[in-house]
A.B. asks: 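Pasting a structure below so you can have a look.
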Amino acid sequence: RAKSDGRNCIRFFLPVMQMIANERLEIEQDLRWALDTNKFQLHYQPQVDFNGRVVGAECLLRCPNSMGEFRRVDLCIDVAETTGLILPIGEWVLREACLNLKAWIDSGIATSLQHLCINISPKQFLQRDFVSLVQRVILETGVDPCKVVLEITESTLIDTNLDAISTMSALKELGVRIAIDDFGTGYSSLSYLTRLPLDILKIDRSFVLGVNNNQKNAAVVEALMAMARQLGLDIVSEGVETKDEINFLLEKGCECFQGFYYSKPLSMDAFLDYLRDPLVLIEH
Ligand code: C2E
Ligand code: MG
Ligand code: MG
Ligand code: MG
């Protein structure tokens with residue numbers, strides 16, 4: 001009886017697994033195609049200060065398939081990580097972001113922009129010559145390194161320990177800054193974080209959501225902000241969608257916001273329009 005149950009289970013399970021495997025295979029093919037034919041895109045999400053000025057942006061990869069539709073980027077990144085494609089893709093993102101940032105600043109359209117954030121996946125960060133890659137891209141593009149922020153996640157740090165600290169220090173020597181992304185969702189100890197050469201802490205959207213009337217989120221956010229202040233880190237609140245959330249975070253000392261309230265990630269042209277003329281200028 002147990003045997004036949006087991007068989008039923010397998011009969012049910014296999015098609016689901018097959019579907020997932022097929023989708024991952026399709027994604028892998030799309031990623032190779034996009035890489036070979038230069039079809040990846042970067043979108044840019046504004047980061048706004050309390051006066052509504054665009055002080056920064058995060059670049060977010062967009063992965064089209066041959067039908068021209070974008071695939072879910074978190075899934076694409078996951079497949080890219082397991083197949084190793086993340087290394088060439090990540091290098092493309094880094095170079096493209098730096099080239100564009102340099103062009104915007106040179107042309108005078110990005111005067112308020114203090115930085116551009118670039119997501120770095122764990123495998124990329126842990127590759128042996130990552131620091132020299134960053135150095136090469138800075139030299140080749142001529143970008144001002146102090147305007148470049150590399151975003152890493154807590155999992156990148158947990159998987160490695162000491163190596164991560166020396167890589168971070170070497171990156172800081174190049175002049176770039178380092179942000180910790182999705183902060184609060186990992187399991188790193190706070191004492192460990194105090195030993196890292198970080199510049200910016202991005203509070204994860206899951207804590208920002210309804211923070212103005214959710215006591216648990218409010219408590220977490222207040223603790224994170226207190227810690228950031230102690231460590232001299234800048235804070236960016238991710239995923240702000242309402243004015244009430246923003247007002248609460250502002251009152252607690254956050255000065256930089258990224259979220260749909262201000263803007264979704266935008267194509268480069270739309271982002272440049274937004275820079276010239278932010279759609280939402282708010283009186284707090
Ligand atoms: P992330 O780095 O935490 O990026 C923020 C994500 O939150 C983006 O999703 C953005 O569209 C979304 N978001 C921003 N504001 C709001 C909001 O107000 N409400 C809601 N519901 N969502 C908001 P996206 O573009 O789908 O990217 C998902 C993740 O994929 C990123 O999370 C990042 O981990 C990864 N990713 C994206 N581009 C790259 C890349 O170039 N390299 C690497 N390694 N990872 C990337
Ligand atoms: Mg990010
Ligand atoms: Mg994030
Ligand atoms: Mg995230």
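When a residue number appears, it is its place in the shown sequence, counting from 1.
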A.B. asks: Using the rule that two of Ile, Leu, Val, Met, Phe, Trp, Tyr join whenever any of their side-chain heavy atoms come within less than 4.5 Å, decide whether Val131 and Val143 are in one cluster.
C.D. replies: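 Yes, it is one cluster - the side chains of Val131 and Val143 are joined through contacts under 4.5 Å.
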A.B. asks: Mark yes or no for whether Asp204, through its side chain, and Glu238, through its backbone, hold a donor-acceptor pair below 3.5 Å.
C.D. replies: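 No, because the side chain of Asp204 does not come within donor-acceptor range (under 3.5 Å) of the backbone of Glu238.
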A.B. asks: Do Cys98 and Ile118 have side-chain heavy atoms sitting under 4.5 Å apart?
C.D. replies: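 Yes. Closest side-chain heavy atoms under 4.5 Å.
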A.B. asks: Considering only heavy atoms from C-beta outward, does the side chain of Val93 approach that of Phe40 to under 4.5 Å?
C.D. replies: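 SC-SC contact between Val93 and Phe40 ruled out.
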A.B. asks: Quick check: do Ile200 and Val149 have side-chain heavy atoms less than 4.5 Å from each other?
C.D. replies: yes
A.B. asks: How far apart are the closest heavy atoms of Pro197 and Met168, and which atoms are they?
C.D. replies: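 Scanning both residues completely, I find the closest heavy atoms to be CG-CB, 3.7 Å.
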A.B. asks: Under the 3.5 angstrom rule, does the side chain of Asp49 hit a backbone N or O of Asn51 as a donor-acceptor pair?
C.D. replies: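 Yes; at least one donor-acceptor contact below 3.5 Å.
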A.B. asks: What's the spacing between Leu31 CG and Thr83 OG1 if we round to 0.5 Å?
C.D. replies: 6.5 Å
A.B. asks: Side-chain heavy atoms nearer than 4.5 Å, only ILVMFWY residues, links allowed to pass through others: does that put Trp92 and Ile138 together?
C.D. replies: yes
A.B. asks: Using side-chain heavy atoms (C-beta onward) and a distance below 4.5 Å, is Leu198 in contact with Leu231?
C.D. replies: no
A.B. asks: Are Asp234 and Asp199 side-chain neighbours, meaning at least one heavy-atom pair lies under 4.5 Å?
C.D. replies: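 No, their side chains stay 4.5 Å or more apart.
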A.B. asks: Report the C-alpha separation of Val220 and Ile203 in whole Å, then their side-chain angles, then the decisive distance to 0.1 Å, and conclude whether the side-chain contact (heavy atoms from CB on, under 4.5 Å) test is met.
C.D. replies: CA-CA 10 Å; Val220 172; Ile203 298 182; over 6 Å; no
A.B. asks: Can a donor-acceptor pair be found, under 3.5 Å and without considering hydrogens, that links the side chain of Glu69 to the backbone of Asn65?
C.D. replies: no
A.B. asks: Taking the basic N atoms (NZ, or NE/NH1/NH2) and the acidic carboxylate oxygens, is any pair closer than 4.0 Å for Lys39 and Asp30?
C.D. replies: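 A salt bridge is absent here (no side-chain N lies under 4.0 Å from a carboxylate O).
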A.B. asks: Would you say Leu139 ends up clustered with Leu101 if hydrophobic residues are merged whenever their side chains have heavy atoms under 4.5 Å apart, either directly or through other cluster members?
C.D. replies: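 No.
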A.B. asks: Can you confirm whether Leu171 sits close enough to Phe130 that some side-chain heavy atom of one is under 4.5 Å from a side-chain heavy atom of the other?
C.D. replies: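 Yes. Closest side-chain heavy atoms under 4.5 Å.
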A.B. asks: In this structure, are over 12 heavy atoms from other groups packed under 6.0 Å from Glu81 atom CD?
C.D. replies: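 Check passes, neighbour count above 12.
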A.B. asks: To the nearest 0.5 Å, what is the distance between CZ (Phe183) and CD (Glu151)?
C.D. replies: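 Spacing of CZ (Phe183) from CD (Glu151) equals 13.5 Å.
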A.B. asks: Show the nearest heavy-atom pair for residues Leu116 and Ala97, with the distance to one decimal.
C.D. replies: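 Looks like CD2-O, 3.6 Å.
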A.B. asks: With heavy-atom distances below 4.5 Å as the criterion, would you say the side chains of Glu222 and Phe248 are in contact?
C.D. replies: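 In short, these two side chains touch, coming nearer than 4.5 Å.
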A.B. asks: With sequence neighbours excluded, tell me which residues meet ring-ring contact (aromatic ring centres under 6.0 Å, His included) with Tyr44.
C.D. replies: Trp104, Phe271
A.B. asks: side-chain contact (heavy atoms from CB on, under 4.5 Å) for Gln114 and Arg53? Distances and angles first, verdict last.
C.D. replies: CA-CA 11 Å; Gln114 289 158 15; Arg53 269 188 344 142; 4.0 Å; yes
A.B. asks: To the nearest 0.5 angstrom, please state how far the CD1 atom of Ile180 sits from the CG atom of Leu196.
C.D. replies: 6.5 Å
A.B. asks: Could you state whether Leu224 and Ile178 fall into the same hydrophobic cluster, counting links through intermediate Ile, Leu, Val, Met, Phe, Trp or Tyr residues with side-chain heavy atoms under 4.5 angstrom apart?
C.D. replies: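 Linked, Leu224 and Ile178 end up in one cluster.
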A.B. asks: So, do Asn119 and Leu61 sit near enough that their side-chain heavy atoms are less than 4.5 Å apart?
C.D. replies: no
A.B. asks: Within this structure, what is the CD-OG distance for the pair Gln47 and Ser263, rounded to the nearest 0.5 Å?
C.D. replies: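 If we round to the nearest 0.5 Å, Gln47:CD and Ser263:OG are 11.5 Å apart.
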A.B. asks: For the CZ atom on Arg128, are there more than 12 heavy atoms of other groups (residues, nucleotides or ligands in this structure) within a distance under 6.0 Å?
C.D. replies: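 Incorrect, the count does not exceed 12.
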A.B. asks: Considering all heavy atoms of both residues, which atom of His43 and which atom of Phe70 are nearest to each other, and what is their separation?
C.D. replies: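 Nearest pair, atom of His43 first, then Phe70: CE1-CE1, 4.0 Å.
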A.B. asks: Looking only at heavy atoms, which two atoms of Val54 and Ser112 are closest? And how far apart?
C.D. replies: O-OG, 2.7 Å
A.B. asks: Would you name the heavy atoms of Pro46 and Lys264 that are closest together and state the gap between them?
C.D. replies: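 Residues Pro46 and Lys264, closest heavy atoms: CD-O, 4.1 Å.
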A.B. asks: May I ask you to check whether over 12 heavy atoms, not counting those of Gln230, lie within 6.0 Å of atom CD?
C.D. replies: no
A.B. asks: Backbone N or O of Leu209 within a donor-acceptor pair of the Asn217 side chain at under 3.5 Å?
C.D. replies: yes
A.B. asks: Which atoms form the tightest heavy-atom contact between Met227 and Leu201, and what is the distance?
C.D. replies: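 Closest approach of Met227 to Leu201, heavy atoms only: CE-CD1, 3.8 Å.
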A.B. asks: Could you tell me the separation between the CG atom of Asp144 and the CG atom of Asp106, rounded to the nearest 0.5 Å?
C.D. replies: 10.0 Å
A.B. asks: Is the shortest distance from a Lys or Arg side-chain nitrogen in Glu28 or Arg32 to a carboxylate oxygen in the other one below 4.0 Å?
C.D. replies: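 A salt bridge links Glu28 with Arg32.
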A.B. asks: With sequence neighbours excluded, tell me which residues meet side-chain hydrogen bond (donor to acceptor under 3.5 Å, both in side chains) with Lys123.
C.D. replies: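 None.
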A.B. asks: Would you compute the distance between atom CG of Asp78 and atom CZ of Arg24 and round it to the nearest 0.5 angstrom?
C.D. replies: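 Between atom CG of Asp78 and atom CZ of Arg24 there are 4.5 Å.
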A.B. asks: For Leu113 and Lys147: C-alpha separation, side-chain torsions, deciding distance, then whether side-chain contact (heavy atoms from CB on, under 4.5 Å) applies.
C.D. replies: CA-CA 8 Å; Leu113 206 69; Lys147 295 216 152 92; over 6 Å; no
A.B. asks: Determine, using the 4.5 Å side-chain heavy-atom cutoff (strictly less than), whether Leu266 and Val236 are members of one ILVMFWY cluster.
C.D. replies: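 No, separate clusters.
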A.B. asks: Kindly indicate, with the supporting measurements, whether the criterion side-chain contact (heavy atoms from CB on, under 4.5 Å) is fulfilled by Leu85 and Val79.
C.D. replies: CA-CA 8 Å; Leu85 285 168; Val79 170; 5.8 Å; no
